[in-house]
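Right, one structure below, let's go through it.
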Amino acid sequence: IIFLLQPFLEAPASARTCGSGSAGNVHISTRRNQHRVAKEKNMRIPLSVPTTLFRSRRASTNSRKILSAAMSLANNGLAACVDAAADALLRGGIVALPTDTVYGLACLADCPVAVGRVYAVKGRSSGKPLAVCLDSAARVPDYTIPQDGCNVNAALLKDLLPGPVTLVLPRGPRLSDRLNPGVSAVGIRVPDHPFILALCRRIRRPVALTSANASGASDSLRPDDFSSLWPDIDLLIDGGCLKPGPASTVVELMPAARLYRVLRTGRALESTACRLARHGYQLEGAEACSSGVAAAGPDDCRLPVPLQVAS
């Protein structure tokens with residue numbers, strides 16, 4: 001009996017821990033150890049995820065946190081993590097992953113069941129829409145439409161994305177009508193993070209993305225911050241501890257009038273405002289940055305008036 005329980009009581013010699021910012025006292029077992037444990041305990045190892053997490057009995061008793069599967073970018077590498085995450089998403093699963101701001105929950109935007117699960121996991125109101133994550137600024141026109149016959153300039157999109165900003169634009173017909181039903185706009189994200197960009201390139205479908213936290217809770221900078229959600233997600237990609245700061249800046253663009261509206265300040269408001277000013281956009285109801293923006297550079301610009309921002 002002691003021999004059968006040994007894999008759950010102690011980490012095997014070949015096990016590797018997630019490291020700083022990892023998912024608690026969780027051990028990442030090798031595939032060989034997984035099959036040995038499975039054979040002894042008559043368990044089935046999921047073939048879709050090459051590295052799964054087995055929590056020790058002692059840790060499970062203390063914290064009651066259960067995580068189905070996880071991989072570490074540091075230990076498993078970018079390619080293996082992308083493979084596992086793509087497989088989980090294409091099967092209709094929810095993946096917790098790092099972005100250029102905070103940890104997020106991702107699912108296929110055209111999978112209503114998965115989208116519904118995200119709302120349930122977060123306890124999120126159905127009236128709050130989810131953003132759509134893409135792999136490049138060049139794909140933004142694929143999922144949006146012109147406003148009053150006017151498109152957002154491609155040079156502006158390239159200047160803002162990838163980056164810690166969400167652009168709100170009129171939604172296009174290629175998005176599922178079951179994503180954010182009744183909402184005529186869509187928030188577009190192209191995070192400046194190699195993992196999520198590679199994942200979006202792999203699946204070539206829009207990914208619904210929201211922060212990995214219970215609705216109304218603080219943003220998550222490491223996996224432990226959203227451990228209460230672990231039992232309800234299908235895969236965690238551990239990217240370590242992220243740089244402290246808020247979530248993305250959210251701005252609504254009105255290209256026909258060359259105006260923008262700030263919906264959330266986020267972590268990149270000043271740089272976003274100055275990049276918009278370089279392309280002739282002004283803050284709705286106020287003048288934008290001064291005429292010296294282009295020469296001074298985006299990070300030297302300051303907003304001239306305080307903004308009322310919806311959270």
Side-chain angles (χ1 to χ4, degrees), residues 18 22-24 26 28 46-53 55 65-73 76 80-126 128-135 166 175-176 178-181 186-187 189 191 193 195-239 242 247-248:
C18 290
S22 62
V26 181
I28 299 183
L47 298 179
S48 60
V49 180
T51 306
T52 58
L53 289 180
R55 177 171 294 280
K65 300 170 185 175
I66 303 172
L67 184 59
S68 298
M71 297 185 72
S72 165
L73 287 172
N76 301 106
C81 288
V82 169
D83 287 343
D87 184 72
L89 290 179
L90 292 172
R91 290 174 182 266
I94 298 174
V95 177
L97 41 72
T99 72
D100 55 349
T101 54
V102 298
Y103 273 85
L105 297 180
C107 71
L108 289 182
D110 55 7
C111 180
V113 174
V115 170
R117 283 186 59 206
V118 168
Y119 277 94
V121 167
K122 285 177 61 73
R124 184 180 177 92
S125 167
S126 60
K128 295 182 178 180
L130 300 181
V132 170
C133 184
L134 305 174
D135 66 307
T166 300
L175 285 174
S176 170
R178 300 183 69 178
L179 175 72
N180 307 332
V186 62
R189 276 278 273 141
H193 192 286
F195 168 74
I196 195 168
L197 291 180
L199 176 61
C200 290
R201 281 194 295 269
R202 172 66 61 83
I203 63 176
R204 299 298 296 175
R205 289 162 70 179
V207 173
L209 183 66
T210 184
S211 56
N213 57 350
S215 185
S218 301
D219 292 323
S220 301
L221 297 177
R222 57 186 185 134
D224 274 345
D225 292 342
F226 56 95
S227 58
S228 63
L229 307 186
W230 288 358
D232 300 307
I233 62 176
D234 300 290
L235 176 65
L236 164 65
I237 300 298
D238 184 353
L242 304 181
S248 66

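FYI, the numbering just counts along the sequence from 1.
Here the shortest heavy-atom pairing between L108 and V115 reads O-CG2, 3.6 Å. In this structure, S227 and P231 approach most closely via the heavy-atom pair O-CD, 3.9 Å. Of all the heavy atoms in P191 and I196, the pair that sits closest is CB-CG2, 3.7 Å. Considering every non-hydrogen atom in both L179 and A208, the closest pair reads CD1-CB, 4.4 Å. Counting all heavy atoms, side chain and backbone alike, A214 lies closest to L229 at N-CD1, 4.2 Å. Counting all heavy atoms, side chain and backbone alike, R117 lies closest to G92 at NH1-O, 3.8 Å.
Atom CZ of R178 has 12 or fewer heavy atoms from other residues, nucleotides or ligands within 6.0 Å.
Side-chain contact between V132 and V207: absent, with no pair of heavy atoms (C-beta onward) separated by less than 4.5 Å. Residues L199 and L89 have side chains in contact (heavy-atom distance under 4.5 Å, counting atoms from C-beta outward). Side chains of C200 and C133 form a contact here, defined as non-hydrogen atoms less than 4.5 Å apart. Considering only heavy atoms from C-beta on, W230 comes within 4.5 Å of D224 through its side chain. Side chains of R201 and V82 form no contact here, defined as non-hydrogen atoms less than 4.5 Å apart. At least one side-chain heavy atom of F226 sits less than 4.5 Å from a side-chain heavy atom of L236.
Rounded to the nearest 0.5 angstrom, T210 OG1 and L105 CG are separated by 6.5 Å. With values rounded to the nearest 0.5 angstrom, S211 atom OG is found 10.0 Å from L130 atom CG.
For D87 (side chain) and D83 (main-chain N/O), no donor-acceptor pair under 3.5 Å exists by modelled atom type. Without hydrogens or angle criteria, N213 side chain to S218 main chain gives a donor-acceptor distance under 3.5 Å. R222 places no side-chain N or O within donor-acceptor distance of the main-chain N or O of D238, the cut-off being under 3.5 Å. Of the possible donor and acceptor atoms, none in the side chain of D234 sits under 3.5 Å from a partner among the backbone N and O of V95.
Partner of L209 under the side chain to side chain contact (heavy atoms under 4.5 Å, CB included) criterion, out of L134, V118, L97, T166: L97 alone.
Partners of L73 under the side-chain contact (heavy atoms from CB on, under 4.5 Å) rule, at least two apart in sequence or in another chain, are L78, C81, P98, H193, F195, I237.
A salt bridge does not link D135 to R202: none of the charged side-chain nitrogens sits closer than 4.0 Å to a carboxylate oxygen.
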